[in-house]
Amino acid sequence: MKRIEFIKSAGMLALSGSLLSFREVDTGLTNWAGNLTYHAKQVVYPTTVEELRTALLRIKQGKALGSKHSFNTVADTTETLISTSKLNKVISLDTTKGLVWAEGGIKYGDLGLWIDQRGYAIHNLASLPHISVAGACATATHGSGGTNGNLSSAVEAIEIMKADGSLVMLDKSNPKFFGAVVNIGALGIVTKVALKVYPRFEVTQEVYENLPMSALKGNIDTIFGLGYSVSMFTHWLDKNINQLWVKKKVEGTFKPGPKEILGATAATTNLHPIKVNSPINCTDQMGVPGPWYERLPHFKMGFTPSNGAELQSEFFVPRQHAFEAIMAVEKLHPLVSPLLFVTEIRSIAADELWLSPAYMQDVIAIHFTWKPETEKVLAILPKVEAVLKPFDYMPHWGKIFTMAPADLQSRYPKFKDFVAFAKEMDPQGKWKNGFLERNLY
């Protein structure tokens, strides 16, 4: 996808003894999928914490911009975008405490390779490794697994630069830590995080086809317990789960899984979740063992993930309502299927993070990868959200939704605490944007 950036002036501004470029951005600067054009007047690319501080003190209002993978305006601004793409280094590996410290702009694919080479792993990864650590944690992005928390649940400490350039370090000894990790960009710029690490492990991936939706009844926990990480894909046709992806830790000698699971049969070749697409972009299947960072995602770091040009929505419901919620969406299949590339259904374990959809409850996530037909998708979303309303659904913070702010806020027991924390961290409203004004304030 081509992005057009140009330097507004000859201007490389000498700031604090270093060069820091401010660029005006035209309508070519888009998010990863191309559905959103950012509205910023300028974008800055700091390479050090000092450059970041200098930039913050020069601007009136701004937003952190990570890997540009959000599909809504959570990271948009009409003033200054502060890209963290060059704040992407591993800082240290503390093997005594079991922590890796890294700058917030590092991508999971790069971090995963670095720590794997040193004998370590993090607990889980999202479906694609191309996303930044700070951005994924800020929006409660996740992988899957019956007992795996989302990516933000791996954070043990976090450092945030406030609008005045000061740094705040929070860990689990401070109650406000639990409001700081999933922060939707309201608190400041995440400069570094400490993630819990574990001994490295290998994973196999096996895919099964054509699981009847009727088999989900009473078996949700069983299905998501089939492996370390499990995902279901459907096109909402014929009450059928088209693909069941089962990722297992390699423990001892690898033994292939059964040829059939609840009526689904083992695939005989590698598959892409969108079956008409080539599986070359996908991580290896067919039970071939590989390092955790090359199997837990569905897509390879060096290849286009998912479909590329697409829209995304995702809704979380308490896991005890999983079957009923899935079947409620299934009733909309005549409306949903024509606009859809694929739906992925995953499971996320409970955590203690204030703005996490999994706050104090296990959830499933029903994810929609839509065709890039914005008006039609925006017309169908209220219908999807309406059938999920009886199950107290919550939307993904970084994807497209139409939920009313009052309803959104009511889903989070600690919402008022977070708003108070945000005002404390940002009393002048430097990090406010349209998304926060609508949904937070």
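- No side-chain donor-acceptor contact under 3.5 Å links N281 and N277.
- P413 places a side-chain heavy atom less than 4.5 Å from the side chain of Y359.
- Defined by atom type and a distance below 3.5 Å, a donor-acceptor pair is present between the side-chain atoms of Q205 and K247.
- Residues V288 and R295 are in side-chain contact: their nearest non-hydrogen atoms beyond the backbone lie under 4.5 Å apart.
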Under 3.5 Å, sequence neighbours excluded: what are the donor-acceptor pairs made by side chains of residues 325-335?
| residue | atom | partner | partner atom | Å |
| --- | --- | --- | --- | --- |
| E330 | OE2 | H333 | ND1 | 3.2 |
| H333 | ND1 | E330 | O | 2.9 |

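- N31 contributes a side-chain N or O that, together with a main-chain N or O of G34, makes up a donor-acceptor pair within less than 3.5 Å.
- In this structure, F368 and W236 have side chains that are in contact, with non-hydrogen atoms separated by less than 4.5 Å.
- Cation-pi geometry between K68 and W32 is not met: the NZ or CZ atom fails to fall both under 6.0 Å from the ring centre and inside 45° of the normal.
- Of all heavy-atom pairs between I189 and T84, the closest is CG2-CG2, 4.1 Å.
- Considering every non-hydrogen atom in both A358 and V363, the closest pair reads CB-CG2, 4.0 Å.
- Using a 3.5 Å distance cut-off with no hydrogens or angles, the side chains of E260 and T265 do not pair a donor with an acceptor.
- Residue pairs satisfying the salt bridge (Lys or Arg N to Asp or Glu O under 4.0 Å) criterion with at least one member in residues 111-128, sequence neighbours excluded, are listed as follows: D116-R200.
- The pair R346-E344 meets the salt-bridge criterion, since a charged nitrogen lies less than 4.0 angstrom from a carboxylate oxygen.
- Evaluation of the ring pair (Phe, Tyr, Trp, His ring centres under 6.0 Å) rule for W431 yields no partner, not counting sequence neighbours.
- A pairwise comparison of heavy atoms in D426 and A163 identifies OD1-CB, 4.0 Å as the closest pair.
- Distance OG1/T234 to CG/N242: 5.0 Å, rounded to 0.5 Å.
- Aromatic ring pairs are classed by plane angle as parallel below 30°, tilted from 30° to 60° and perpendicular above 60°; the pair F421 and W354 is perpendicular.
- Taking the ring axis of Y441 as reference, the NZ or CZ atom of K432 stays within 45° of it and closer than 6.0 Å to the ring centre.
- Counting only heavy atoms from C-beta outward, the side chains of N148 and I348 never approach each other to under 4.5 Å.
- Remark: L262 CG to L216 CG distance equals 8.5 Å, nearest 0.5 Å.
- Within the 6.0 Å centre-distance limit, the rings of F233 and W245 are counted as a close aromatic pair.
- Counting heavy atoms from C-beta on, the side chains of R319 and D221 come closer than 4.5 Å.
- Residues S70 and N72 have side chains that never bring a donor and an acceptor to within less than 3.5 angstrom of each other.
- Scored by the side chain to side chain contact (heavy atoms under 4.5 Å, CB included) test, E373 finds L339, K371, K376 as partners (sequence neighbours excluded).
- By the 4.5 Å heavy-atom criterion applied to side chains, I131 and K107 are not counted as neighbours.
- Using a 4.0 Å cut-off between charged nitrogen and carboxylate oxygen, E209 and K275 count as a salt-bridge pair.
- For the pair L244 and I223, the minimum side-chain heavy-atom distance is below 4.5 Å.
- Distance check: L111 CG to N88 CG gives 11.0 Å after rounding to the nearest 0.5 Å.
- When all heavy atoms are compared, the tightest approach of Y108 to A136 is CE1-CB, 3.7 Å.
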Verdict with reasoning, Q243 to Y208, per side chain to side chain donor-acceptor pair (under 3.5 Å): CA-CA 6 Å; Q243 296 177 26; Y208 294 81; over 6 Å; no
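- By the side chain to side chain donor-acceptor pair (under 3.5 Å) test, T139 is found to be paired with T141, residues two or more places apart in sequence or in another chain being considered.
- Side-chain contact between V193 and V190: present, with at least one pair of heavy atoms (C-beta onward) separated by less than 4.5 Å.
- Under the 3.5 Å distance criterion, with hydrogens and angles disregarded, a donor-acceptor pair is assigned to the side chains of Q312 and E310.
- Under the 30°/60° scheme for interplanar angles, the aromatic rings of H69 and F71 are found to stand perpendicular.
- By the ring pair (Phe, Tyr, Trp, His ring centres under 6.0 Å) test, Y228 is found to be paired with F201, residues two or more places apart in sequence or in another chain being considered.
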Worked verdict on K423 versus V419 for side-chain contact (heavy atoms from CB on, under 4.5 Å): CA-CA 6 Å; K423 290 179 178 178; V419 173; 3.8 Å; yes
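- The ring pair (Phe, Tyr, Trp, His ring centres under 6.0 Å) search around F316 returns H142, not counting sequence neighbours.
- When the side chain to side chain contact (heavy atoms under 4.5 Å, CB included) test is applied to A154, the partners found at least two apart in sequence or on another chain are H123, L195.
- Checked against ring pair (Phe, Tyr, Trp, His ring centres under 6.0 Å), H367 has no partners two or more places apart in sequence or in another chain.
- Classification of K172 and E156 as a salt-bridged pair holds, one side-chain N sitting under 4.0 Å from a carboxylate O.
- Taking T374 as the reference, L311, L378 meet the side chain to side chain contact (heavy atoms under 4.5 Å, CB included) condition, with sequence neighbours excluded.
- Counting only residues at least two apart or on different chains, the salt bridge (Lys or Arg N to Asp or Glu O under 4.0 Å) pairs with a member in residues 70-83 are K41-E79, K60-E79.
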Pair F315-E385, side-chain contact (heavy atoms from CB on, under 4.5 Å): steps then yes or no: CA-CA 8 Å; F315 304 105; E385 294 181 38; 3.7 Å; yes
Pair V336-W370, side-chain contact (heavy atoms from CB on, under 4.5 Å): steps then yes or no: CA-CA 9 Å; V336 171; W370 304 103; 4.0 Å; yes
side-chain contact (heavy atoms from CB on, under 4.5 Å) between I59 and Q42, worked out: CA-CA 10 Å; I59 66 173; Q42 60 185 6; 4.2 Å; yes
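- When all heavy atoms of A140 and N150 are compared, the closest pair comes out as CB-ND2, 3.8 Å.
- Interatomic distance, CD1 of I220 versus CG of D362, reported as 12.5 Å (0.5 Å rounding).
- In this structure, K399 places its NZ atom where more than 12 heavy-atom neighbours from other residues, nucleotides or ligands lie under 6.0 Å away.
- T283 and E294 form no side-chain donor-acceptor contact under 3.5 Å, judged by distance and modelled atom types alone.
- The side chain to side chain donor-acceptor pair (under 3.5 Å) test applied to S83 returns S85, not counting sequence neighbours.
- Between atom CZ of residue F401 and atom CG of residue L408 there is a gap of 5.5 Å, rounded to the nearest 0.5 Å.
- The shortest heavy-atom contact between V155 and F177 is O-CZ, 3.2 Å.
- A donor-acceptor pair shorter than 3.5 Å cannot be found between the side chains of T77 and N433.
- Between the CG atom of L353 and the CE atom of M360 there is a distance of 10.5 Å, given to the nearest 0.5 Å.
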